[in-house]
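To start, the structure itself, in structure tokens.
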Amino acid sequence: MRDTLAGPRQLIKQLHTVMAAPMQAQDRLNQIVRIIAGNMVAEVSSLYVLRSDGFLELYATHGLNPSAVHRAGLRVGEGLVGRVAKTAQPLNIINPSSHPGFQYLPETDEDEYNTFLGVPVLRAGRMIGVLTVQNRAPRRYDNEEVEALQTTAMVIAEIAGTGDLDQIPQPTAALDIKRQLHVSGAVLNEGIGLGRAILHEPRVVVTELLSDDVEHELARLESALEKVRGNLKAHLSRNDVAAREESRDVLEAFLMIAQDRGWARKMGDVIQSGLTAEAAVERVQSDNRARLLRSTDRMVRERLHDLDDLANRLLRELQGRHSTAMADITGDAIIVARSMGPAELLDYDRARVRGLVMEEGTPASHVVLIARALGIPVIGQAHGVTSMVESGEAIIVDAEGGDVHIRPSAEVENVFAEKVRFRARRHAQFRRLRHLPATTRDGLDITLSMNAGMLADLPNLAESGAAGIGLFRTEVLFMVAPSLPRMHAQELLYRQIYTAAGERPVVFRTLDIGGDKVLPYLSQVDEENPAMGWRAIRLGLDRPGLLRTQIRSLLRAGAGHNLRIMFPMIATVAEFNAARALVDRERRFLHLHGYDLPDEVKIGAMLETPSLLYELEELLAVVDFISVGTNDLFQFAFAADRSNVRVAGRFDTLSQSLLRMLKRIADACVAANVPVTVCGDIASRPLEALCLVGLGFDHLSMPPASIGPVKMALRAVDIGRLRARLLPRLEPGRGNDDIRHLVSRFADAHDVPV
Ligand code: PEP
Ligand code: MG
């Protein structure tokens with residue numbers, strides 16, 4: 001055991017001397033960790049400080065590799081240090097590297113140590129960081145030592161209170177506890193929600209690791225598994241989920257994992273080695289985590305949340321605990337989480353949940369699919385949010401602007417409460433427009449279709465009053481599928497789309513994969529510029545197996561319907577001709593084998609690469625229709641990455657160059673009598689939609705939620721008058737007129753709601 005331990009009194013005295021001495025904050029921290037190491041006869045003492053983005057940064061160390069300071073660290077919940085931060089409890093263990101939660105930080109050379117004691121650094125109940133000591137010799141620190149370290153942690157918290165730490169890179173927004181805060185994030189599902197925060201339950205911590213009674217632990221595991229499965233089945237039978245195909249698919253896939261024998265067997269094997277059922281769940285999950293985190297593929301890493309969700313469910317069952325979700329929520333609630341699995345959201349009382357904020361999360365996260373099905377506004381990528389808000393505090397999710405307001409002032413709260421009422425009124429107005437045509441005041445009929453990509457989108461056809469589906473992004477169907485859908489599975493999916501669409505036309509776009517749209521089950525090629533790389537039709541023509549299967553499935557599903565297929569990222573007429581030839585070949589093949597075929601097949605091209613503008617007449621001679629993908633067309637025209645926020649807002653979509661480009665397309669299509677649609681995001685914004693119609697486009701396709709606002713604007717506009725104002729501005733020599741301003745003023749003056 002330890003040789004000496006200077007009494008806590010002496011330790012505190014030493015610490016206070018260091019604090020009183022004039023020196024740089026970093027030097028002070030270095031001295032403090034040295035004093036701790038000396039007093040506790042530890043080879044290592046380190047301080048990690050929680051940054052506002054949820055990262056625990058190594059701020060000072062005695063004993064670990066000093067070059068790791070400010071360079072190494074972990075996220076809250078990760079590794080042993082992250083676990084201390086997450087639970088706000090001391091962690092005192094022998095042989096840390098065999099602990100299920102251990103995560104090795106290569107920068108620190110910490111592998112040689114056989115003991116670990118970590119305590120939270122808390123100030124007024126808020127997490128500031130984690131203080132650790134480590135020894136080479138395997139020994140357990142006694143209570144007195146744990147207390148001494150906790151006392152030191154309090155002293156460090158005091159330093160944080162003086163603002164001394166601020167001299168080093170910003171430690172934490174958590175210090176500023178009662179201020180109104182505002183965090184920006186990505187809008188993953190639109191809407192606005194107000195309520196009280198509910199911090200989604202931190203991970204369940206396993207403290208009992210060893211057991212001699214293997215049979216007992218196996219029985220506990222089996223019974224917990226049964227309960228988890230039963231609970232998921234109950235979720236599946238809920239009306240709101242069962243009615244939405246996509247959320248049902250997600251949950252069914254989830255249940256399949258829960259029923260997976262391999263998973264249960266792995267946990268059983270770990271129990272056989274002498275661990276408790278809880279430790280076995282943890283161990284297998286950390287193996288899974290390590291494996292999945294190695295993947296550079298976003299979609300694969302996304303699966304991790306599903307597995308974490310399942311592991312947590314099992315742990316809660318084993319410990320007889322209910323999730324925070326089960327606790328009574330009174331009043332409106334906003335769930336705040338680091339990340340979430342799909343079923344976890346369903347544990348909450350749907351009637352009370354007004355929003356979801358996550359530090360992680362992407363548009364393809366399974367929990368986001370579920371939230372969409374339930375109409376819950378979601379903001380993701382809200383870095384640090386879980387350390388800025390307490391359960392019960394007021395919070396607003398503005399998933400229109402991508403902002404989270406924490407502890408908002410009464411004025412801010414009133415503004416958003418009014419916005420919610422306004423949205424509800426507007427929504428009611430849009431609903432009333434559903435069955436009315438999008439006819440301008442001067443009698444021009446415009447077709448408004450919707451963009452879709454999942455079965456879950458289909459109920460929106462009737463909801464929005466869309467004329468049809470102007471763009472079905474088939475890759476999205478593939479992205480949410482657990483494995484590559486084979487021909488029959490695809491055929492079935494496409495049939496379901498036809499059935500849901502009824503008489504309304506559907507334009508299927510063939511797979512636009514590659515770039516950032518990756519399929520988790522297909523290997524990916526590393527490319528320096530994936531957006532301009534081997535994607536979409538390029539991949540389809542070079543490896544035609546996938547494209548042929550898709551075309552064949554579409555032709556078979558289209559029997560008795562009018563089939564409309566279009567190809568993405570066509571850059572030359574030759575590419576279009578080659579793709580068209582594939583369709584013709586498949587048609588002949590199916591005909592030869594006696595299959596029923598679609599009544600009519602129309603084949604079109606997406607116009608989204610500027611090169612086609614210089615081959616436009618030749619293209620129009622061979623296509624049945626054109627769809628303008630302005631998202632890509634604009635990114636390539638301006639050489640501005642559409643997903644890079646630094647440049648995304650730099651160029652106005654209503655600039656003369658782009659509008660001239662679009663006008664040229666509209667004119668050429670009219671002259672060649674080729675139907676044309678605009679299906680990029682530009683069509684979804686009322687002001688922009690007015691301009692598109694002004695340029696001569698009469699078919700727009702957009703997300704279903706935009707149909708109401710766009711229709712309302714179109715029904716109020718005299719397009720002839722707008723055109724008379726707009727078109728002269730596009731004439732050569734007009735200089736840099738602010739067209740956005742011009743059209744806004746026109747809309748204001750003529751009471752056109754935009
Ligand atoms: C576009 O590029 O405008 C488009 C509609 O396609 P996506 O957004 O799927 O690339
Ligand atoms: Mg595109």
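In listed order, ligands and their atoms are each counted from 1.
Not one N or O on the side chain of E491 forms a donor-acceptor pair closer than 3.5 Å with the backbone of L554.
Contacts of Q635 with ligand 1, taken as heavy-atom pairs under 4.0 Å, are absent altogether.
Near D632, meaning under 4.0 Å from one of its heavy atoms, ligand 1 places the atoms 1 (C), 2 (O), 3 (O), 10 (O). Per-residue contacts place L471 under 4.0 angstrom from the following atoms of ligand 1 (heavy atoms of the residue considered): 5 (C). In summary, the atoms of ligand 1 found under 4.0 Å from a heavy atom of G629, numbered by their order in the structure, are 1 (C), 2 (O), 3 (O).
H699 and T447 are not linked by any side-chain donor-acceptor pair at a separation below 3.5 angstrom, with hydrogens and angles left out of the test. Looking only at atom types and distance, the side chain of E463 has no donor-acceptor partner in the side chain of N460 under 3.5 Å away.
For ligand 1, the polar-atom distance check against D681 finds no nitrogen or oxygen pair separated by under 3.5 Å. Between E475 and ligand 1, no N or O atom pair is found at a separation short of 3.5 Å.
The aromatic rings of F651 and F638 sit parallel, their planes meeting at an angle under 30°, below the 60° perpendicular limit.
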Extract all donor-acceptor atom pairs below 3.5 Å that involve side chains of residues 661-673 and protein atoms in other chains or at least two apart in sequence.
from, atom 1, to, atom 2, distance (Å)
K663, NZ, D667, OD2, 2.8
R664, NH2, L613, O, 3.2

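Among residues two or more places apart in sequence or in another chain, the side chain to side chain contact (heavy atoms under 4.5 Å, CB included) test is passed with A724 by none.
The distance from the Mg ion (ligand 2) to the nearest N/O/S atom of D512 is not under 2.8 Å.
The closest heavy-atom contact to atom 7 (P) of ligand 1, among the options R535, R473, M702, M569, comes from R473.
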